[in-house]
2 protein chains.
Amino acid sequence: MQHNPISVLIVDDHPMVIEGLKTLLSDDDRVVVQTHFTNGKDTLEFLEHEKVDVVLLDVNLPDINGVEMVKFILEKRATVQILGLSTYSEPSIINQMIKNGVKGYLLKNATSDELVKAITKVYQGDFYFGSEVQKILADSVTQETIDIPKLTRRETHILRLIAEGKTTNTIAEELFISPLTVETHRRNLMQKMEVSNAASLIKVAVEKKLI
Amino acid sequence: MQHNPISVLIVDDHPMVIEGLKTLLSDDDRVVVQTHFTNGKDTLEFLEHEKVDVVLLDVNLPDINGVEMVKFILEKRATVQILGLSTYSEPSIINQMIKNGVKGYLLKNATSDELVKAITKVYQGDFYFGSEVQKILADSVTQETIDIPKLTRRETHILRLIAEGKTTNTIAEELFISPLTVETHRRNLMQKMEVSNAASLIKVAVEKKLI
DNA sequence: TTCAATATACCGGAAAACCAGTAGAAAAAA
DNA sequence: TTTTTTCTACTGGTTTTCCGGTATATTGAA
C-alpha cells in the first residue's frame, strides 16, 4: 500500500514543535516530512511551485491567521489535505477551519501514533479529529458557540462604539446619522444577543469574541 | 568548564514538544536531557528521590497549575533551577512565576541557541528571559496592568451582577439592600474604572480581567 | 429585475441609569 | 482605641436607555 510515503509539510512558528513533529514522524516510513516553515507567507510561496500531500498547519502563525491560511492554501493547491494543529481548543475556530476545508484537527498533546493515524486518514481523503477535539465539537453543538449571531457591518461598528462608553447621541454625531437610527441598531443588537441592556450586551459580545 | 553536562528535566504535556526539546538539545554536549514527564504529579514524585540541575517547565500542565508547580518543585529541591516555558505570554502569570522562583522564562518559539543559552545561564544561578518575554515584562510595568483598581468585595460582586445584565433594583433585591446602595456602588465602580456608563464598565472590567 | 437584507428614521412613553452631594453604621486596620 | 475603609442609605433632578410599534430608502444577491 505504501509505495510512496506521504509527503508532509509542517507549518509552525515554534522550532521545538517542528523538531518534535519531525522526530515523532521519523520512525514511521509511511510518512516523510518534506520541509517546514515558521510562517504563512513562506508556506504559500513554497506551495506556489511545489506540491505536498498533507500540510500540518498550526493555527497560531505569526503572520497569517489560521482560518485564513486554510483558505489560501486550498486556493493554491486544491488537492492538498490540511490537518489542523493547535495547543488550545477554541470551538469557534475549529468550526471555522472545518468550514474552510481542513480535513482533520489535533491538539498538540497528540501522541506519535495518533499523529501518523491522522495523517494517513487525512491523506486518504477521510476526516480525522482527535478525541478531545471530537468532544469539543460535540459540546459546541449543544453549547452557545453555534448561535453566534451574524452582525451587519453597521451593527459591529456601533457595538464597538457602545463598548467605548459612547452614548447614542455621541455615536449618532460621529456617524452623521440620527440618534434614532443608532438606537434602532442598538435594539437590534440586544435582540440578536438576547440581552436587555448595554452592559450585558458588551459582556456577551466579548464572550463571543465579537469585540 | 563543562566537565559534567547540565542535567535537564523536561515537563510538558505535549509529546511533540518534548521530542522537539530533546532534539534541539541533543546537538549540544553541555546539556543532557535526563528524563521527561507529561504531568506535574509524576515530576514531583521523581524529584522526591532524584535530582536534576534544571527543570524546563511548561506552564500549562494538565494536572497542576504552573505557578503552583514552581512552588512545589522548590519545596522538594531548593537547589534546582527552573526555566519556565509557554506558548503565550500572560504578563500576570509570568510575574507570579518569577515571584515563586523561576529563574528564566522562554516562549516556545525560542531557537535551539536561545534554549541552550537560557539553560546554562539559569544553571549558573543567573536569570534569563527571552527577548519577547522581556518586552512583555517591560510593558506590563508601564501599561494598564499596573493601574488595576482595587475593588472591594462588595464592588466585585455587584460588578458581576451588572455584567449579567441585572438592573439596580434586581441586584438590590438579590442582596437584600437598598437600590440606592447598589447605585452608590455602581457609581464608585464607574469612578474607579474611569468610565461613565455600565457598558464600558464591563468592557474595561473584562480587559483588566476583573470578571 | 425582483426580492431579501440592511440602514435609515420616527412616535410616545416607561424604566433605568447617571450625577452631585451628603452621611451614618459597621468593619477592618493602625 | 482611634482612624480609615467599606457598606450602607438618602434627596432631588437630568439624561439616557429601553420598549413596542411602524416605515421608507438603499443595497446586494438571486
Side-chain angles (χ1 to χ4, degrees), chain A residues 68 71 75 96 99-101 144 146-211, chain B residues 146-211:
Chain A
E68 291 294 300
K71 214 166 59 187
E75 276 167 13
Q96 285 180 71
K99 218 170 276 170
N100 277 10
E144 61 239 286
I146 209 164
D147 56 276
I148 290 182
K150 282 150 218 146
L151 304 188
T152 69
R153 209 169 302 166
R154 204 54 155 177
E155 282 168 350
T156 311
H157 191 183
I158 289 174
L159 178 61
R160 290 232 168 77
L161 297 174
I162 293 172
E164 285 169 21
K166 300 195 168 139
T167 68
T168 299
N169 276 303
T170 317
I171 295 171
E173 274 170 37
E174 205 161 303
L175 301 181
F176 305 109
I177 55 179
S178 160
L180 298 163
T181 306
V182 177
E183 210 194 301
T184 304
H185 284 305
R186 201 199 33 236
R187 281 162 65 179
N188 291 337
L189 278 166
M190 292 198 296
Q191 203 169 8
K192 282 185 181 179
M193 316 280 258
E194 292 172 327
V195 296
S196 58
N197 62 44
S200 41
L201 177 66
I202 299 309
K203 202 197 69 165
V204 308
V206 170
E207 270 172 10
K208 296 188 193 293
K209 298 177 204 292
L210 294 171
I211 293 191
Chain B
I146 209 164
D147 56 277
I148 289 180
K150 281 149 218 145
L151 304 187
T152 69
R153 208 168 304 166
R154 204 52 154 180
E155 283 168 349
T156 311
H157 191 184
I158 289 176
L159 178 61
R160 291 232 167 77
L161 298 174
I162 293 173
E164 286 169 21
K166 301 195 167 140
T167 69
T168 299
N169 276 303
T170 317
I171 295 171
E173 276 171 34
E174 205 161 301
L175 301 181
F176 304 108
I177 55 180
S178 159
L180 297 162
T181 305
V182 177
E183 211 194 300
T184 304
H185 283 304
R186 201 196 38 234
R187 282 164 62 183
N188 291 337
L189 278 166
M190 292 198 295
Q191 204 167 10
K192 282 186 181 179
M193 316 279 257
E194 293 171 325
V195 295
S196 59
N197 62 45
S200 42
L201 177 68
I202 299 310
K203 202 196 70 164
V204 309
V206 170
E207 271 171 12
K208 296 187 192 294
K209 297 176 206 289
L210 295 172
I211 294 192

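Order of the sequence lines fixes the chain letters, A, B, ..., with proteins taken first and strands second; residue numbering starts at 1 for each chain. Keep in mind it's a predicted model, so treat the numbers as computed, not measured.
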- Within the structure shown, what part of the strands sits under 4.0 Å from S196(A) by heavy-atom distance: base, sugar-phosphate, or nothing? sugar-phosphate
Side-chain N or O of [X] less than 4.0 angstrom from OP1 or OP2 on [N]?
| X | N | answer |
| --- | --- | --- |
| T152(A) | dA7(C) | yes |
| R187(A) | dC19(D) | no |
| R186(B) | dC18(C) | yes |

Between [N] atom [atom2] and [X] atom [atom1], what is the distance in whole Å?
| X | N | atom1 | atom2 | value |
| --- | --- | --- | --- | --- |
| E183(B) | dG21(C) | CD | C1' | 13 Å |
| N188(A) | dG21(D) | CG | P | 15 Å |
| H185(B) | dA17(C) | NE2 | P | 15 Å |
| R154(A) | dA25(D) | CZ | C1' | 14 Å |
| R153(A) | dA7(C) | CZ | C1' | 12 Å |
| L201(A) | dT16(D) | CG | C1' | 15 Å |
| L159(B) | dC7(D) | CG | P | 13 Å |
| L189(A) | dA7(C) | CG | P | 10 Å |

At their closest point, which heavy atom of [X] faces which heavy atom of [Y], and how far apart are they?
| X | Y | value |
| --- | --- | --- |
| H185(B) | I158(B) | CD2-CD1, 3.4 Å |
| K208(B) | P149(B) | CD-CD, 3.8 Å |
| P179(A) | T168(A) | O-CG2, 3.3 Å |

- Quick one: are L210(A) and R160(A) in side-chain contact, heavy atoms under 4.5 Å? no
- Message: I'd like to know if the side chain of T184(A) pairs up with that of T181(A) as donor and acceptor (distance under 3.5 Å, no hydrogens or angles considered).
- Response: no
- Per nearest nucleotide of DNA chain C, the residue lying toward the 5' end, I158(A) or M190(B), is I158(A)
- Item | Side-chain donor or acceptor of K203(B) paired with backbone N/O of I202(A) under 3.5 Å | no
- Item | Heavy atoms from other residues, nucleotides or ligands near CD of Q191(A) exceed 12 (cutoff 6.0 Å) | no
- Of residues 165-182 of chain A, the positions that come close to DNA chain C - non-hydrogen atoms, cut-off under 4.0 Å: I177(A), S178(A), L180(A), T181(A)
